[in-house]
Each structure stands twice: as structure tokens, then as C-alpha cells.
Asker: 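Right, I'll just put the structure down here and ask away after.
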Amino acid sequence: MFCLSESDTFYLYPYPTDMRKSFYSLSGLVKNEMGRDVHDGEAFIFVNRSLTSMKILHAEYGGLVIYNLKLEKGCIRLPDLRLDEGDPPPGRLTEWQELVLMTQGISPLEVNRQPRWQPRKLKK
């Protein structure tokens, strides 16, 4: 329960999503639109058109979990949605830090990141 961390892989669905969708409808988007399998343990992020609601679909021990964020004020600030070469269409590989910034209302485009050493297997 509540198993999301920076060790997980996150994919941001770059199109507005109907927030009435639940487990099976979001799983269908993952499979049919993103070309991924929700049971592989990756987390999938969906945001509505007005950027006031976010759902994260994740397969955890025992079944599927949806984390749901509904903002009372303000909007979610998305990272640059240009797809990288390695990203599966139309998903965008997203880092844990970007997810945290989105949920906190901080624009990922305006953040100035300082260089840090990373082990070879984590470098992108």
C-alpha cells in the first residue's frame, strides 16, 4: 500500500484524460495508446484538460491502485511534453522529481537543476 518512490518508472500520458475513467479504462489507455502493460510495475500518470486533477495507475502487490489528486485551487504544472527518442508513443518517461514538482505546483520548466553524479546504470 502506498508504494510509489523514486525507484519506480513513471510514464506521463501527454493527452487530457477523462477523470471519470477508472481501473479498466485507464488500463486500456496504457495498453492500447501507450503500448505498455500495466502489470509490469510501472506507474502511469493521467491529467485532465483543466490541469486540476491527476490520477496515477500502478500495479502493486495484490492488485491495481489509483492515486487521485484533485486540486481545490490552482493547476498542475506539467513538464515539457516533447517526447524523447526512447519514450514509447505516446507516453513520456517522467522522473520521480518531476512528479513531486507537478503535485506541489512548481513548474518543472522553471526549475534550475544543479549537476549531480549518478551511477552508470541510472544515467539517461
Asker: Could you list the residues that satisfy salt bridge (Lys or Arg N to Asp or Glu O under 4.0 Å) with Asp8, not counting sequence neighbours?
Answerer: none
Asker: So, taking the atom named OH in Tyr67 and the one named CG in Leu57, what distance separates them when rounded to the nearest 0.5 Å?
Answerer: 10.5 Å
Asker: Looking at OG1 of Thr9 and CH2 of Trp96, how far apart are the two atoms once the value is rounded to the nearest 0.5 Å?
Answerer: 12.5 Å
Asker: Name the one of Val47, Asn48, Asn68 that satisfies side chain to side chain contact (heavy atoms under 4.5 Å, CB included) with Lys55?
Answerer: Asn68
Asker: In Å, rounded to the nearest 0.5 Å, how long is the span from OG1 of Thr94 to CD of Glu42?
Answerer: 11.5 Å
Asker: Tell me the closest heavy-atom pair linking Met34 and Phe44, and the distance in Å.
Answerer: CE-CD2, 3.7 Å
Asker: At what distance, to the nearest 0.5 angstrom, does CG of Leu64 lie from CG of Leu26?
Answerer: 9.5 Å
Asker: Testing the basics here: between Phe46 and Val30, what is the closest heavy-atom pair and its distance to 0.1 Å?
Answerer: CZ-CG2, 3.8 Å
Asker: Of the non-hydrogen atoms in Ser50 and Cys75, which two are nearest, and what is the gap between them?
Answerer: O-CB, 4.2 Å
Asker: Please test Thr52 against Lys70 for side chain to side chain contact (heavy atoms under 4.5 Å, CB included), starting from the C-alpha separation and ending with a verdict.
Answerer: CA-CA 6 Å; Thr52 58; Lys70 174 72 172 128; 3.6 Å; yes
Asker: Measure across Ala59 and His39 and return the closest heavy-atom pair with its distance rounded to 0.1 Å.
Answerer: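 Of all heavy-atom pairs spanning Ala59 and His39, the closest is CB-CA, 4.1 Å.
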Asker: Are the aromatic rings of Tyr13 and Tyr11 close, with centres under 6.0 Å apart?
Answerer: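 When the ring centroids of Tyr13 and Tyr11 are compared, they turn out to be at least 6.0 Å apart.
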Asker: Rounded at 0.5 Å granularity, tell me how far CZ in Arg36 sits from CG in Leu29.
Answerer: 15.0 Å
Asker: Please report the shortest heavy-atom distance between Ala43 and Leu4, naming the atom on each side.
Answerer: CB-CD2, 4.0 Å
Asker: Kindly determine whether Leu99 and Met54 satisfy side chain to side chain contact (heavy atoms under 4.5 Å, CB included), including the steps that lead there.
Answerer: CA-CA 10 Å; Leu99 175 60; Met54 173 190 290; 3.9 Å; yes
Asker: Hey, could you give me each pair passing side chain to side chain donor-acceptor pair (under 3.5 Å) that has a residue in residues 17-30? Not counting sequence neighbours.
Answerer: Asp18-Arg20
Asker: Give me the atom names and distance for the closest heavy-atom approach of Leu71 to Leu51.
Answerer: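 For Leu71 versus Leu51, the nearest heavy atoms are CD1-O, 4.1 Å.
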Asker: How many angstroms lie between CE in Met102 and CG in Leu78, if you round to the nearest 0.5 Å?
Answerer: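 Met102 atom CE to Leu78 atom CG measures 6.5 Å (nearest 0.5 Å).
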